[in-house]
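Just so we're on the same page: letters track the sequence lines, and every chain starts at 1.
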Amino acid sequence: MAKLAAVVGIGQTHYKTRRSDVSIAGLVREAAVNALEDAGLGWDDIDAVIIGKAPDMFEGVVMPEIYLTDALGCNGKPMLRVHTAGSVGGSTAIVAASHVQSGMFKRVLTVTFEKQSESNAMWALSTPQPFSVHLNAGAGGYFAPIIREYMRRSGAPYDVGIKVAVKDRLHGARNPLSHLQLPNITPQEVEDSMMLWDPIRFLEACPSSDGACAMVIAAEDLVQQSPKPPAWIRGVAMRSEPTMYAGREEVNPQAGRDCAADVYRQAGITDPRKDLDCAEVYVPFSWYEPMWLENLGFAPEGEGWKLTMSGATSLDEGGDIPWNCSGGVLSSNPIGASGMIRFAEAARQVRGDAGDHQVENAKLALGHAYGGGAQFFSMWVVGANKS
Amino acid sequence: MSEDTAAVTRIETPIYLKYNFTAGSAPARFLARIREGVLTGQRCPRCANVYIPPRGSCPACGVATEEEVVLPDKGTVQSFTVVAIPIPNNPIKPPFVIANLVLDGANLSFIHLMSECENSEVRIGQRVQAVWKPSSEWTHAMDNIRYFKSIDEPDVPIEKIGKLPLSGWEG
Amino acid sequence: MAQPEVLSQAFELGFTYTRSTGPVVGKFLTGLRDRTISGIKASDGRVIVPPMEYDPQTAAALTEFVEVGQQGEIVSWCWVKQPRAAHPIQQPFAWAMIRLDGADVAMIHCVVADAEEQLFTGARVSAVWADETRGYITDIRCFEIAGGQDSE
Amino acid sequence: MKDIAIVAFSQSDCLARAGAANEVELIMPQLRAVFSQVGLNNAQDVDFVCSGSCDYLQGAAFAFVAGVDALGAVPPIKESHVEMDAAWALYESILKIRMGQADSALIYGFGKSSSGELPIVLSQQLDPYYLAPLWVDTVSLAAMQARMLLEKELITERAMAQVVARARMHGRNNPHAQLGGEVSVDELLAAPTFVSPLRESDCAPVADGAAAMIICTPDKAREWGVPYALISGIDHRIETHNLGMRDLTDSVSTRLAAQTAGVSRGPVEVAEVYAPFSHQEIILGRALGLGDETVINPSGGVMVGNLMMASGLSRLGEVFRRIVSGEVSRGVAHATSGPCLQHNLVAVLESA
């Protein structure tokens, strides 16, 4: 059986368009130092470091753990680099947790980052290779048709995405680390923003950010050594399926449903909307909130948008199941770190340490990440209590 | 020596690497035929689904696809988006339609351009046909099809998209 | 089933990167632009050139800069008979680990010499500056064997 | 701590150029081979899958995503990926088994290095401010390491050539080897240097290909009714990136990992070490504490074919094969990453 483990320290950087004041090492270091300070620990207390980020081409540093060894105090320690596309922040947290849950390590540091502003490699996601169709329309070009199909199936009104875009930016305005600070955003403003990939408008899409996120994960017997309340890891799950295959359900991917079922089973969750106090879910395009509400079992199929429109996912509207209180990916998106920010923000909630975006008395929270063509999923459930 | 006296805070480090790309065996067979204007999919020996362009395996079953199936250049819109932003290194001017299209006899869509249609009239289930470049310009590339255009055939019901026979819709 | 023809095509994977340096790397590069070379003191007092941001032994952030000499000694080297297209020098040259005067840790750079025979471990070399220095590691165009010739 | 059993391994031939084979086509034959060794159908029959690859080898982002198409991942599977040699994918898989979330795992690694100029591609692993902009290639870094050893009289050029000659000799019995055959030390030494003091023969030939392995709990291995070898210890350590601050004549991280993995707790009959340069095999032999009783690289090692991103996993595979065949009962496998042996993994394998 898995050994009990908990998050005892969390560190993040400010998320910004461009962190021009630090090197790549300086950026990851900042998050790592913040996590160690939060955990009341020093470099010598760490047994291993697990880092994650999206493709190396974003920074043009091949296998960057090689160069980042010294910034992360790793000389003489084990170091592992995870890469599972957009879900990598989540998978990295899960791999880090497995170091402790396996009983092989007592305390690990995990860091994810992206310093995307350094490159023009945004489009490295689909570099033009010979013999391929050069139809590089970016991530939005891939996901827009899937969103359109969701709208058709569910009959959702056109403004559901607008509602989410406003809600997450209002949440983000409560979070001083958030990249976008838009406390006065209005639905009209979102609706009037440029249509990028119909039906995705500019303000319905995530920004591109620099930033890093780190956590310290400790074994049960060492949790007390850190001063702040722990976030106990109550379940971890990952699922993958191919990008494309005949008959693939792209709107409501089976990999997501299976992954959620697995993590809920471990955490003893039977009704996610009721049992969880809040969720940090990877929503890079606003319409993915209603889609994931269904995929993750918070609403019946075809009715996720009703939950969104009712205000159930809004902190400002006093919703019963707030989603993305930190502002989510729609407010900050350092790609390689985005998944881990979801996991860390879920942990902040159950530690009662989420500042102005704290959900009152949160005891159980979901962290979620996805990547590739919505084909790689990683999730964890963290709690204020061990069980 | 530079006259600049401000501290150095950023440097330009371009990274250009040369590679030689070799197409995989399954894609190479597909590309060799499209050079002659023929669209060939590959059928999974296990689930019988037909994939185009083929990538060497049935992703669902994880087995090699070998049997080749010549497909018509007619198909159906599975979904689409109207792209309003210019794409770097892409000569196509916005707004343009890119669609997930599935050819008759195939079971998986691919992304391609749509044109010769009103962007506002593009719809799921719409029937389309390839508009090819002049044969003198054909190479080993899907780009031999310049785009797909709308054709005058009744729309395909949602549940039939991706499941049509080679003979097409009501064909 | 017929064997397919092998379809190959050259392509270039290229991106520009604008790297922000942060204070430590930036200070070193600023020094290069001004034709000085600086190192940084490690936790154990050793001087590291180019300066590392963080100490490999203690993980401490390093801050104490020390200017070092522009001449030094070869600690190890290799001779590249056939330079690769990406290399900074396109005639036979050496890569070397060079311990600059006042430094304790060797840095890696290239050494230009007429022949392999001119190089040996322990040889004294001096920095040759680029005509225009802009704040890059390549502001040091190369090193060359010290003495004999004018080494600026 | 749960014991880990290796039950299957396969690797492709080491090809200088795999030609018309994409990622999926490189991987699939190896997956078929390991599945058939155990009697499994596809990735649905194991609890976890983890792979290792590097986008920059073939110059395409998300190379590993295509790999998923070889698995039969419908319904969805538990799967992960490291941008490292697959030996580290094995390490991640072991954690999964030890934490109780899996009883079995499929691991694979693949790479098509022939697409690019590997030593230059790898130069971009180096410090992005001080070293990568100089384009210092990895062969040159290794050459400076070799010179240090030679000048400190820790090795001789003859000893390096002996490593190569022995590897080629062993390679004759390795059906996947790219190089193999009888070559005398004097012949090797007669050749001119390439990047002095290294000769071309001191450098591993670059190969395209893939390798795959299946591991599980011993209970599961017995249930499957297949022979297995046990991983009795495994550890990996990284060192500072600053080559000037490392003792390049030693491999401190290998020493550390060997100690934790328990290499010295019994006789080492064979050792498969990932030494891309001849002198590094000598460094590693010493760091692992190997003596005359150990046969080093009976497969020929990477000197007869270096499957980037899979060679580390293959080292474990080679020891596994020798244990289940009854040839030996205890051996050591090693994997490396980074310039001049910066990051090292050591595993001890024993007969069940």
Side-chain angles (χ1 to χ4, degrees), chain A residues 1-3 23-24 53 55-57 59-70 74-85 91 94-95 97-99 101-104 121 124-127 129 236-243 245 248 253-255 258-259 262 372-373 375-377, chain D residues 1-2 48-49 53-56 59-62 64-66 68-69 71 73-84 88 91-92 94-101 121-129 131-132 235-242 252-253 256-257 337-339 342-343 345:
Chain A
M1 264 312 286
K3 300 265 191 296
S23 64
I24 299 170
K53 69 173 300 307
D56 293 355
M57 284 162 205
E59 287 82 10
V61 182
V62 180
M63 299 163 80
E65 77 278 5
I66 297 285
Y67 144 70
L68 290 172
T69 304
D70 298 295
C74 243
N75 193 358
K77 292 177 189 174
M79 191 170 192
L80 199 75
R81 154 79 190 290
V82 181
H83 177 19
T84 63
S91 342
I94 288 176
V95 174
S98 72
H99 278 72
Q101 293 172 310
S102 64
M104 288 169 73
L125 290 168
S126 33
T127 50
Q129 286 207 318
V236 291
M238 287 170 73
R239 286 295 186 283
S240 306
E241 64 183 13
T243 317
Y245 57 93
R248 177 167 184 237
Q254 192 185 344
D258 290 3
C259 191
D262 188 1
Q375 63 187 117
F376 300 117
F377 290 85
Chain D
M1 201 73 72
K2 264 188 191 162
F48 183 64
V49 178
S53 69
C54 173
D55 285 350
Y56 266 100
F62 300 116
F64 68 93
V65 177
V68 177
D69 288 353
L71 298 173
V74 179
I77 57 171
K78 298 177 188 172
E79 188 260 355
S80 188
H81 172 261
V82 294
E83 194 84 355
M84 305 179 81
W88 279 271
Y91 190 84
E92 182 179 331
I94 290 174
L95 297 172
K96 267 284 187 280
I97 293 178
R98 292 214 165 136
M99 74 179 277
Q101 273 208 341
V121 169
L122 293 181
S123 76
Q124 300 305 299
Q125 271 186 343
L126 305 172
D127 182 297
Y129 312 95
L131 291 173
D235 190 31
H236 68 103
R237 304 287 171 141
I238 198 165
E239 292 177 50
T240 173
H241 182 56
N242 191 335
V252 176
S253 51
L256 260 172
S337 174
Q342 187 185 335
H343 192 182
L345 177 144

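Expressed to the nearest 0.5 Å, how far OH of Tyr56(D) lies from CG of Asp56(A) amounts to 6.5 Å. Atom NZ of Lys78(D) is separated from atom OG of Ser240(A) by 11.5 Å, given to the nearest 0.5 angstrom.
Ranked by heavy-atom pairs under 4.5 Å with chain A, the list Leu95(D), Leu131(D), Asp55(D), Val68(D) is led by Leu95(D). Among Leu126(D), Leu345(D), Leu256(D), Val74(D), the residue making the largest number of heavy-atom pairs under 4.5 Å with chain A is Val74(D). Interface remark: of the candidates Leu71(D), Val82(D), Ile77(D), Ile77(D) forms the most heavy-atom pairs closer than 4.5 Å to chain A.
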For this session: Go through Val65(D) and Phe376(A) one step at a time and tell me if the side-chain contact (heavy atoms from CB on, under 4.5 Å) criterion holds.
Result: CA-CA 9 Å; Val65(D) 177; Phe376(A) 300 117; 3.8 Å; yes

For this session: Starting from the C-alpha separation in whole Å, work towards a yes-or-no answer on side-chain contact (heavy atoms from CB on, under 4.5 Å) for Thr69(A) and Glu239(D).
Result: CA-CA 7 Å; Thr69(A) 304; Glu239(D) 292 177 50; over 6 Å; no

Exercise. Is there a side-chain contact (heavy atoms from CB on, under 4.5 Å) between Met104(A) and Arg98(D) once you walk through the steps?
Worked result: CA-CA 8 Å; Met104(A) 288 169 73; Arg98(D) 292 214 165 136; 3.4 Å; yes

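Listed by chain and residue number, nothing satisfies the salt bridge (Lys or Arg N to Asp or Glu O under 4.0 Å) test with Glu92(D) (two or more places apart in sequence, or in another chain). Judged as a side chain to side chain contact (heavy atoms under 4.5 Å, CB included), and not counting sequence neighbours, the contacts of Ile66(A) are Met63(A), Gln125(D), His241(D), Ser337(D), Pro339(D), Gln342(D).
You'll find the side chain of Glu65(A) stays beyond 4.5 Å of the side chain of Glu83(D), heavy atoms only.
Across all their heavy atoms, Ser98(A) and Met99(D) have their closest contact at CB-SD, 3.5 Å.
Of the two parts of Tyr129(D), only the side chain, counted from C-beta on, holds a non-hydrogen atom closer than 4.5 Å to a non-hydrogen atom of chain A. With a 4.5 angstrom heavy-atom cutoff, His236(D) touches chain A via backbone and side-chain atoms both.
In this structure, the ring of Phe62(D) has its center less than 6.0 angstrom from the ring center of His83(A).
In summary, the side chains of Asp70(A) and Thr240(D) do present a donor paired with an acceptor at a separation below 3.5 Å, with no hydrogens or angles considered.
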